[in-house]
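Structure first, then comments.
All figures in this text were calculated on a predicted structure; none of them were measured in a lab.
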2 protein chains.
Amino acid sequence: MTESIWTRKLKTSPARETLTREQIVRTALETLDAEGLAGLSMRKLAAKLGSGATSLYWHVPTKDDLIDLLIDEVWGEIDIPEPELAGWRSGTLLYAHSMRSTIMRHPWLPEVMYTRPSMGPNAMTMGTRGLALIAAAGITGRNADFALGTVMSFVLGSAGGEVATREMARRAGQSIDQLATAVLESTQHLGDTTMQESARRRATGDIDGMFYDSFTYGLEIVLEGIAARIKN
Amino acid sequence: MTESIWTRKLKTSPARETLTREQIVRTALETLDAEGLAGLSMRKLAAKLGSGATSLYWHVPTKDDLIDLLIDEVWGEIDIPEPELAGWRSGTLLYAHSMRSTIMRHPWLPEVMYTRPSMGPNAMTMGTRGLALIAAAGITGRNADFALGTVMSFVLGSAGGEVATREMARRAGQSIDQLATAVLESTQHLGDTTMQESARRRATGDIDGMFYDSFTYGLEIVLEGIAARIKN
DNA sequence: TAGTCACTCGCACACTGTACGACAAGACTC
DNA sequence: GAGTCTTGTCGTACAGTGTGCGAGTGACTA
């Protein structure tokens, strides 16, 4: 007998201070949320971790793979209720809202989604649980895939449009309200009264509320359309 | 009197061979369609035009601005029928299909859309004509903006998902069918029968057709949802 | 003939992802 | 204790990126 387990356990635990993939993912996520996709470079990330730039490549094959990890990490934040508890309709409603707010917390998501559709474990369970909700509505087979796809497409498209607008304002150094009035002014020069009115609606009143209302209105349309499909 | 208009006109036309913005936009669009967003660099574009790299910057302030021009250029390809001719429902259907096929022709579109929402002239008229369709359905004011936004969000999300999947296969050097069977195999290891069946549906049978069916199914849901909104 | 305008372009800067190979520290075997 | 293996770090280097700057050039005007 050379050692008690206790000291031995201490020895087995990382003796040399070392980078971990979890650590990298966590820090990368923070940078991404704070500075956007353009603000994430391997060198800056390494600096933030206090390591050499190329050390990261031992833990992660490539930057794109790191982003895949980040996407799946974030999918894990989405709540999908059990259909037994919520019923298919309010369950899907909650799911859509949870997906939306996850995207709002991580505004870089839509941009990368259209380059690298994630197939990680969290994306998988999201699919499973989503299909369970749709199945509770009585839709099965191919149509279940389609119906779930419709909800996800809408949420991604809608939330994506919102983050894009906010990003545009940020880039121009304006608040969204300032951007809205700027757009309104630019429509004044055109003779297009339809767009003028639309722009005026956006420029006057609470924009955050309008984004939210737009989302719930569209979600209602989608859910109502699915409900109509069931009855027939 | 110094010159006849005829010779004068010839003189006024570009005497020195010179780059034009239209030319740049056209060539950039070709490269983008052929090689994707990552394949477009200012140097390569200039080389393709037979000019020095920084010459482009006289005609276009920055690469991002060039992409804005390209986005609006492409919006111009979308057909939006007059509501008087098609009625709101089939008019919106045609519009959505036209938007989808435009995105499929220019697969880089979704990716850039979520960074730079376009506000160019073509985007404007697209908005006007879209709102006209919705107005024909009897929806006005805020709700018209919302309803149109729902359709566009769905189309963008759905078509975006499709191009992302195709892009993923391309990157892996596989056909979409090969990708689908690869995904099916990867689900075999998991005990998740729901996703297994879903993956099997995708792996067996015509994938192009399935993408199309998925789109029309979702579009039907959206239109039905809007129709339900009108009746009440 | 001189001057102005419209445009081109080479150079340079700061930055990117990442391949490569040298290095080191702890763990394992004899 | 000595030697080898595994795990991990990191400096250097390469090929690329967007673009600011300033010099240069051809055509037109006064």
Atom-pair distance ([atom1] on [X]; [atom2] on [N]), nearest Å:
{"X": "A:Lys44", "N": "C:dT18", "atom1": "NZ", "atom2": "C1'", "answer": "18 Å"}
{"X": "B:Ile67", "N": "D:dT17", "atom1": "CD1", "atom2": "P", "answer": "14 Å"}
{"X": "B:Ile24", "N": "D:dG18", "atom1": "CD1", "atom2": "C1'", "answer": "15 Å"}
{"X": "A:Leu49", "N": "D:dT9", "atom1": "CG", "atom2": "P", "answer": "10 Å"}
{"X": "B:Leu66", "N": "D:dT17", "atom1": "CG", "atom2": "P", "answer": "15 Å"}
{"X": "A:Tyr57", "N": "D:dG11", "atom1": "OH", "atom2": "C1'", "answer": "15 Å"}
{"X": "A:Lys63", "N": "C:dA19", "atom1": "NZ", "atom2": "C1'", "answer": "17 Å"}
{"X": "B:Leu56", "N": "D:dT19", "atom1": "CG", "atom2": "P", "answer": "11 Å"}

At under 4.0 Å between heavy atoms, what does B:Ser41 touch on the DNA or RNA strands: base, sugar-phosphate, or nothing?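 Sugar-phosphate contact only - B:Ser41 comes under 4.0 Å of backbone atoms but never of a base.
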What nucleic acid atoms does A:Leu40 come within less than 4.0 Å of, heavy atoms only: base, sugar-phosphate, or nothing?
sugar-phosphate
salt_bridge([X], [Y]) N-O dist < 4.0 Å:
{"X": "B:Arg166", "Y": "B:Glu162", "value": "yes"}
{"X": "A:Arg26", "Y": "A:Glu22", "value": "no"}
{"X": "A:Glu197", "Y": "A:Arg200", "value": "no"}

Give the nucleotide from the list [options] with an atom nearest to the side chain of [X].
{"X": "A:Ser55", "options": "D:dC10, D:dT19, C:dG17", "value": "D:dC10"}
{"X": "A:Trp58", "options": "C:dG17, C:dC7, D:dT9", "value": "D:dT9"}
{"X": "B:Ser51", "options": "C:dC9, C:dT8, D:dG8", "value": "C:dC9"}
{"X": "A:Met42", "options": "C:dT8, C:dT18, D:dG8", "value": "C:dT18"}
{"X": "B:Thr62", "options": "C:dT8, C:dT16, D:dT19", "value": "D:dT19"}
{"X": "A:His59", "options": "D:dG8, D:dA13, D:dC10", "value": "D:dG8"}

Does the side chain of B:His59 pick up a donor-acceptor pair with the side chain of B:Gln23 at under 3.5 Å? no
For this session: Report yes or no: is there a donor-acceptor pair, N or O only, under 3.5 Å between the side chain of A:Arg43 and the base of C:dG17?
Result: yes
Any donor-acceptor pair, under 3.5 Å, between the side chain of B:Thr54 and the base of C:dG10, if you only look at N and O atoms? yes
What class does the angle between the rings of B:His97 and B:Tyr212 fall in, given that below 30° is parallel, 30 to 60° is tilted and above 60° is perpendicular?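 Geometry flag for B:Tyr212 against B:His97: tilted rings.
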